[in-house]
Amino acid sequence: MDKILVTGGSILNGRVSASGAKNAALPILFSTLLAEGEHTFDNVPLLKDIESTAELLQSLGCESSRDGHTFRVRVSKLKSFEAHYDLVRKMRASILCLGPMLAKYGEAIVSLPGGCAIGTRPIDLHLDAMKALGAEIELRDGYVFAKADQKTKRLKGATVLFEKTTVGGTQNLMMAATLADGTTIIENAAKEPENVDLANYLNKMGAKITGQGTSVIKIIGVEKLTPARHSIIPDRIEAGTLLIAGAITGGDVTVEKCQPHDLDCLVSKMRESGFKIDIGTDSLRVHPQAKFDAVDITTAPHPLFATDLQAQFMALMTVANGTSVITETVFENRFMHVNELMRLGADITPKIQVAVVRGKPGGLSAAPVMATDLRASASLVLAGLVAKGETLVGRIYHLDRGYENLEGKLSSLGAKVKRVL
Ligand code: UD1
């Protein structure tokens with residue numbers, strides 16, 4: 001199984017580009033189920049999760065092909081409405097085929113996703129939203145059996161208030177509502193840039209969505225959608241990870257091809273910590289900063305601090321001056337990286353959903369560590385960049401789910417990072 005070997009001590013310098021956003025590409029690929037014909041996407045990252053999505057779409061009867069970062073999906077009438085457990089368990093986002101299949105064909109059978117390293121992550125809000133649009137939902141044999149009105153095969157528009165902000169729940173509902181009969185209003189909708197990108201693609205296909213990027217989204221149902229071409233937005237989490245990589249090594253790194261304002265909260269926290277950051281039209285540059293201060297962060301839905309950057313920011317705080325309090329409010333169990341960072345010498349006290357990080361500038365030293373989830377793996381690589389000696393990060397398949405060639409990108413900036421067997 002692949003591992004990554006990081007030799008600490010190099011100062012990163014130079015320019016590097018962000019790839020397309022995994023979390024925008026996944027829902028957009030599932031949205032193809034809403035329209036028969038050929039869909040074309042540019043800037044699709046080369047990632048395991050994209051392959052898993054393609055596999056699931058193929059199991060339903062779609063065809064897909066890739067030419068570099070251009071990805072095509074050909075949708076004809078589905079041969080199956082069942083998303084099998086073997087495919088869903090690999091990737092929780094597979095639940096996003098529920099809304100589109102239900103809206104287009106009036107039925108869907110989707111495996112329950114099961115456990116996950118970062119918390120229980122139920123799908124009750126997705127199911128309640130489908131019920132609000134008139135779907136009948138039955139949970140049986142580990143699967144969700146969903147049916148729209150069997151005479152019309154259509155869902156019915158409704159007002160849905162999410163009691164908790166949910167990125168995926170908002171996506172599923174937005175997709176389902178595009179072909180529903182009547183108007184749907186989503187209240188307390190997730191405002192993430194990836195949801196805006198999804199809404200933009202749905203609108204390119206002929207949907208009538210307004211309010212994306214705000215907490216109230218309005219969708220006027222239409223009869224039919226038609227495939228279109230779309231370029232996936234840049235990955236803000238990858239961009240933020242690369243910026244932190246520059247910062248933690250005291251380097252001068254410019255991350256290009258990103259949407260800087262998607263990272264406003266990270267930038268303001270890094271500035272508060274003492275970093276000088278330039279914001280360009282589509283780039284972010286961190287200037288060299290030998291000493292920086294600990295700052296507190298609290299994760300929350302966009303535009304507040306992204307939970308997907310919490311582990312990487314914690315790695316930065318392990319070598320800051322002072323004590324940082326990191327509060328995780330989105331997931332109940334997202335501190336799996338803490339014990340691994342402590343193996344590298346970090347001084348962290350984890351409590352329930354709060355971690356107290358006592359920074360030790362220059363104080364990390366290498367050790368073999370284990371990636372536990374996608375963003376946790378990135379935090380271990382970042383910590384390895386400043387740990388004395390050679391840090392071997394195991395279970396790197398987590399990283400391949402969400403980072404395109406991270407070792408190549410870091411190496412191009414001067415890091416000593418390589419993949420080993
Ligand atoms: C998405 C992202 C993930 C990110 C997360 C929060 C993708 C593929 N994944 O995940 O990287 O960390 O947003 O920004 O885009 N919840 C329920 N019931 C539900 C749905 C969610 O209780 O039906 C809870 C979750 O357990 C979690 C919180 O709501 O505590 C937020 O989850 P949600 O926003 O839905 O995350 P995902 O869409 O799964």
Side-chain angles (χ1 to χ4, degrees), residues 20-31 45 47-50 52-53 56 88 90-99 110 112-132 137 139 144 146 160-176 186 188-198 215 232-233 235-238 240-241 262-263 265-266 298-313 327-337 352-353 373-379 398-399 401-403:
K22 167 181 91 73
N23 286 356
L26 299 182
I28 288 175
L29 290 178
F30 284 116
S31 80
L47 300 172
K48 195 89 199 112
D49 272 9
I50 301 291
S52 303
T53 306
L56 177 46
V88 177
K90 284 192 199 163
M91 191 185 65
R92 285 186 50 83
S94 307
I95 187 67
L96 296 176
C97 64
L98 176 66
V110 183
L112 289 163
C116 163
I118 64 174
T120 49
R121 295 180 88 176
I123 56 159
D124 54 325
L125 300 172
H126 296 243
L127 302 183
D128 288 349
M130 297 303 129
K131 283 183 202 160
I137 305 275
L139 300 183
V144 178
V160 180
L161 165 66
F162 280 117
E163 64 186 50
K164 182 171 189 179
T165 312
T166 160
V167 173
T170 302
Q171 293 167 349
N172 235 339
L173 178 53
M174 216 163 39
M175 292 190 279
I186 311 179
N188 192 25
K191 300 192 275 260
E192 270 64 4
E194 295 75 19
N195 285 20
V196 175
D197 206 32
L198 170 64
S215 57
I232 304 294
I233 57 164
D235 196 314
R236 64 193 165 106
I237 305 303
E238 186 206 22
T241 304
D262 291 349
L263 286 155
C265 197
L266 174 69
T298 299
T299 66
H302 194 75
L304 299 176
F305 200 97
T307 174
D308 285 351
L309 281 169
Q310 180 255 106
Q312 300 88 316
F313 198 82
T327 308
E328 172 61 55
T329 73
V330 179
F331 291 106
E332 79 271 23
N333 182 22
R334 204 172 193 180
F335 284 144
M336 309 284 280
H337 43 285
I352 295 168
Q353 294 191 285
D373 72 55
L374 168 52
R375 306 303 170 185
S377 359
S379 79
H398 288 294
L399 202 69
R401 287 189 41 219
Y403 285 93

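Whatever order the structure lists ligands and atoms in, that order sets their numbers, starting from 1.
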Per-atom contacts, ligand 1 versus Thr307 - under 4.0 Å to a heavy atom: 6 (C), 12 (O), 14 (O)

Backbone N/O of Gly99 and side chain of Asn172: donor-acceptor pair under 3.5 Å: yes

Lys22/Glu194 salt bridge by N-O under 4.0 Å criterion: no

Under 3.5 Å: N/O of Ala93 near N/O of ligand 1: no

Gln171, any N or O under 3.5 Å of ligand 1 N or O: no

Min N/O separation Pro122 to ligand 1 under 3.5 Å: yes

Geometric N/O contact Asp308 with ligand 1, under 3.5 angstrom: yes

N/O separation below 3.5 Å, Asn23 to ligand 1: yes

contact_flag Ala190 ligand 1 heavy-atom lt 4.0 Å: no

Counterpart residues, salt bridge (Lys or Arg N to Asp or Glu O under 4.0 Å), relative to Glu328 (two or more places apart): none

Side chain Gln353, main chain Phe331, donor-acceptor under 3.5 Å: yes

Set of salt bridge (Lys or Arg N to Asp or Glu O under 4.0 Å) partners for Glu238, sequence neighbours left out: Lys409

N or O pair under 3.5 Å between Gly169 and ligand 1: no

Test log, rule side-chain contact (heavy atoms from CB on, under 4.5 Å), inputs Leu263 and Leu309: CA-CA 10 Å; Leu263 286 155; Leu309 281 169; 3.8 Å; yes

side-chain contact (heavy atoms from CB on, under 4.5 Å) partner of Thr299, chosen from Thr327, Thr307, Asp308, Leu304: Thr307

Sub-3.5 Å N/O-N/O distance, Arg92 and ligand 1: no

Non-hydrogen atom of Lys164 closer than 4.0 Å to ligand 1: yes

Distance-only polar pair, side chains of Asn188 and Thr165, donor-acceptor under 3.5 Å: yes

Ligand 1 contact on Arg334 by region, counting heavy-atom pairs under 4.0 Å: side chain

Those atoms of ligand 1 less than 4.0 Å from some heavy atom in Gly168: 35 (O), 38 (O)

